Visitor: 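The structure's right below; bear with me while I get my questions together.
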Amino acid sequence: MNQIDLGQPIEEWRDLESVEKEEPEKLGDICISLRYVPTAGKLTICILEAKNLKKMDVGGLSDPYVKIHLLQNGKRLKKKKTTVKKNTLNPYYNESFSFEIPLEQMQKIQAVVTVLDYDKIGKNDAIGKIFVGSKASGTELRHWSDMLANPRRPIAQWHPLKPEEEVDAILAALAGKK
């Protein structure tokens with residue numbers, strides 16, 4: 001910009017580009033806390049809150065709740081879910097879920113966190129999801145590593161939600177590798 005003479009009229013032509021390339025749709029963010037106590041073999045996942053969730057209902061809001069699946073080699077071990085928060089895009093949960101996992105199995109575990117919109121009629125729609133574990137990447141892997149490096153201490157972190165299909169495809173690929 002500093003090489004342009006703004007005192008002169010500037011005429012420049014550009015081809016229009018598709019808006020789809022711009023930014024992927026924002027699904028919102030979730031804050032979770034992870035804590036592992038090796039001596040007890042206990043993993044605690046606390047769903048703290050979510051913010052800026054994608055609007056799913058006609059009225060411009062959602063009825064979000066969070067589901068946690070614990071996977072080992074792609075197989076579901078356990079499943080837990082939070083309460084439904086009505087008519088909000090910024091739900092506050094502060095709900096904890098504990099799982100018994102021996103230390104030697106911690107490397108094989110993935111915790112999948114899905115934010116869904118509750119619907120009385122029909123299927124509950126996934127707003128977005130993330131997974132943490134030794135096979136995760138980016139902030140999710142860092143969060144898992146921080147938890148393992150700080151036994152008995154809860155480590156809270158925000159994560160941007162990703163499209164369900166994207167996360168499912170990664171998990172399917174991981175399950176295939178073992």
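All values derive from a computational prediction rather than experimental measurement.
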Visitor: For A175 and N73, which heavy atoms make the closest approach, and how far apart are they?
Guide: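 Residues A175 and N73, closest heavy atoms: CB-O, 4.3 Å.
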Visitor: So, using salt bridge (Lys or Arg N to Asp or Glu O under 4.0 Å) as the criterion, who are the partners of K85 when residues are at least two apart?
Guide: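 Once residues adjacent in sequence are excluded, K85 has no partner under the salt bridge (Lys or Arg N to Asp or Glu O under 4.0 Å) criterion.
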Visitor: How many angstroms lie between NZ in K79 and NZ in K67, if you round to the nearest 0.5 Å?
Guide: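 The NZ atom of K67 is 5.5 Å from NZ of K79, to the nearest 0.5 Å.
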Visitor: First locate atom CH2 of W158, then atom CG of D29, and finally report the distance between them rounded to the nearest 0.5 Å.
Guide: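 Between W158 CH2 and D29 CG, I get 6.5 Å after rounding to 0.5 Å.
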Visitor: Starting at OG of S137, measure out to CD1 of I170 and round the result to the nearest 0.5 Å.
Guide: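 That separation rounds to 6.0 Å.
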Visitor: Please tabulate, for the side chains in residues 112-126, all donor-acceptor contacts under 3.5 angstrom to protein atoms that are two or more places apart in sequence or on a different chain.
Guide:
unit_1, atom_1, unit_2, atom_2, d
D117, OD1, D63, N, 2.7
N124, OD1, D119, N, 2.8
N124, ND2, Y65, OH, 2.9

Visitor: Name all residues meeting the ring pair (Phe, Tyr, Trp, His ring centres under 6.0 Å) criterion together with H159; count only those two or more places apart in sequence or in a different chain, and write none if there are none.
Guide: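 Applying ring pair (Phe, Tyr, Trp, His ring centres under 6.0 Å) to H159 gives H143.
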Visitor: Check side chain to side chain contact (heavy atoms under 4.5 Å, CB included) between L148 and all other residues, then give those that pass, not counting sequence neighbours.
Guide: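 Listed in chain order: Y36, M106, Q107, W144.
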Visitor: Is the number of heavy atoms from other residues, nucleotides or ligands under 6.0 Å of K81 NZ greater than 12?
Guide: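 No - once you tally the heavy atoms of other residues, nucleotides and ligands closer than 6.0 Å, there are 12 at most.
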Visitor: Could you grab the distance from atom NZ of K55 to atom CG of L89, nearest 0.5 Å is fine?
Guide: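 With rounding to 0.5 Å, NZ (K55) is 6.0 Å from CG (L89).
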Visitor: In chain order, what residues pass the salt bridge (Lys or Arg N to Asp or Glu O under 4.0 Å) check against E49, with sequence neighbours excluded?
Guide: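 Testing E49 for salt bridge (Lys or Arg N to Asp or Glu O under 4.0 Å), a comparison that skips the adjacent residues, returns none.
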Visitor: Are V66 and L171 linked, directly or through intermediate hydrophobic residues, by side-chain heavy-atom contacts shorter than 4.5 Å (ILVMFWY only)?
Guide: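 L171 and V66: separate clusters.
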Visitor: Of all residues at least two apart in sequence or in a different chain, which pass the side-chain hydrogen bond (donor to acceptor under 3.5 Å, both in side chains) check with R153?
Guide: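 Once residues adjacent in sequence are excluded, the partners of R153 under the side-chain hydrogen bond (donor to acceptor under 3.5 Å, both in side chains) criterion are N150.
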Visitor: For residues 157-173, which residue pairs qualify under salt bridge (charged side-chain N to carboxylate O under 4.0 Å, His left out), counting only residues two or more places apart or in two chains?
Guide: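 Applying salt bridge (charged side-chain N to carboxylate O under 4.0 Å, His left out) to every pair that reaches into residues 157-173, excluding sequence neighbours, yields K129-D168, E140-K162.
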Visitor: Determine which pairs satisfy side-chain hydrogen bond (donor to acceptor under 3.5 Å, both in side chains) with at least one residue from residues 92-103, sequence neighbours left out, and list them in order.
Guide: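 Every side-chain hydrogen bond (donor to acceptor under 3.5 Å, both in side chains) pair that includes a residue of residues 92-103, provided the two are not neighbours, is T44-S98, T83-E95.
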Visitor: To the nearest 0.5 Å, how far apart are CD in Q110 and NE2 in H69?
Guide: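 Rounded to the nearest 0.5 Å, the CD-NE2 separation comes out at 14.0 Å.
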Visitor: Within the supplied structure, the quantity of interest is the number of heavy atoms (other residues, nucleotides, ligands) at a distance under 6.0 Å from K86 NZ; does it exceed 12?
Guide: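 Atom NZ in K86 is packed in, count exceeds 12.
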Visitor: Is any side-chain heavy atom of F97 less than 4.5 Å from a side-chain heavy atom of I47?
Guide: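 Side chain of F97 against side chain of I47, heavy atoms only: contact under 4.5 Å found.
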Visitor: Sequence neighbours excluded, which residues qualify as salt bridge (Lys or Arg N to Asp or Glu O under 4.0 Å) partners of K54?
Guide: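 E25.
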Visitor: Residues two or more places apart in sequence or in another chain: which of them pass side chain to side chain contact (heavy atoms under 4.5 Å, CB included) with A40?
Guide: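 Listed in chain order: V37, K42.
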Visitor: Using every non-hydrogen atom in the two residues, find where L70 and I101 come nearest and quote the distance to one decimal.
Guide: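 Shortest heavy-atom contact: CD2-CD1, 3.5 Å.
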Visitor: Determine whether I68 and L34 fall in the same hydrophobic cluster, where Ile, Leu, Val, Met, Phe, Trp and Tyr are linked whenever their side-chain heavy atoms lie under 4.5 Å apart.
Guide: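 Yes, because I68 and L34 connect within a single hydrophobic cluster, where side-chain heavy atoms sit under 4.5 Å apart.
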Visitor: Is a side-chain N or O of R35 found less than 3.5 angstrom from the main chain of R152, in a donor-acceptor match?
Guide: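 Between the backbone of R152 and the side chain of R35 there is a qualifying donor-acceptor contact (under 3.5 Å).
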Visitor: Please name the pair of heavy atoms, one in S134 and one in K108, separated by the smallest distance, quoted to 0.1 Å.
Guide: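 Here S134 and K108 meet closest at OG-N, 4.5 Å.
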Visitor: Knowing that exactly one of L141, L71, V167 qualifies, which makes a side chain to side chain contact (heavy atoms under 4.5 Å, CB included) with F131?
Guide: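 The residue from L141, L71, V167 that satisfies side chain to side chain contact (heavy atoms under 4.5 Å, CB included) with F131 turns out to be V167.
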Visitor: Verify the cluster assignment for F99 and I32: are they in a single hydrophobic cluster under the rule of side-chain heavy atoms below 4.5 Å apart?
Guide: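 Both belong to a single hydrophobic cluster.
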Visitor: Might you work through the side-chain contact (heavy atoms from CB on, under 4.5 Å) test for I30 and L48, ending with a clear yes or no?
Guide: CA-CA 8 Å; I30 187 162; L48 296 166; over 6 Å; no
Visitor: Testing the basics here: between G128 and L27, what is the closest heavy-atom pair and its distance to 0.1 Å?
Guide: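 Taking every non-hydrogen atom into account, CA-CD1, 4.2 Å.
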Visitor: In Å and rounded to the nearest 0.5 Å, what is the CD1 to OG distance from I127 to S62?
Guide: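 Going from CD1 on I127 over to OG on S62, the span is 4.5 Å.
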Visitor: Looking at every non-hydrogen atom in both residues, tell me the closest pair between T88 and N90 and how far apart they are.
Guide: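 Looking at all heavy atoms of both residues, the shortest contact is OG1-N, 2.9 Å.
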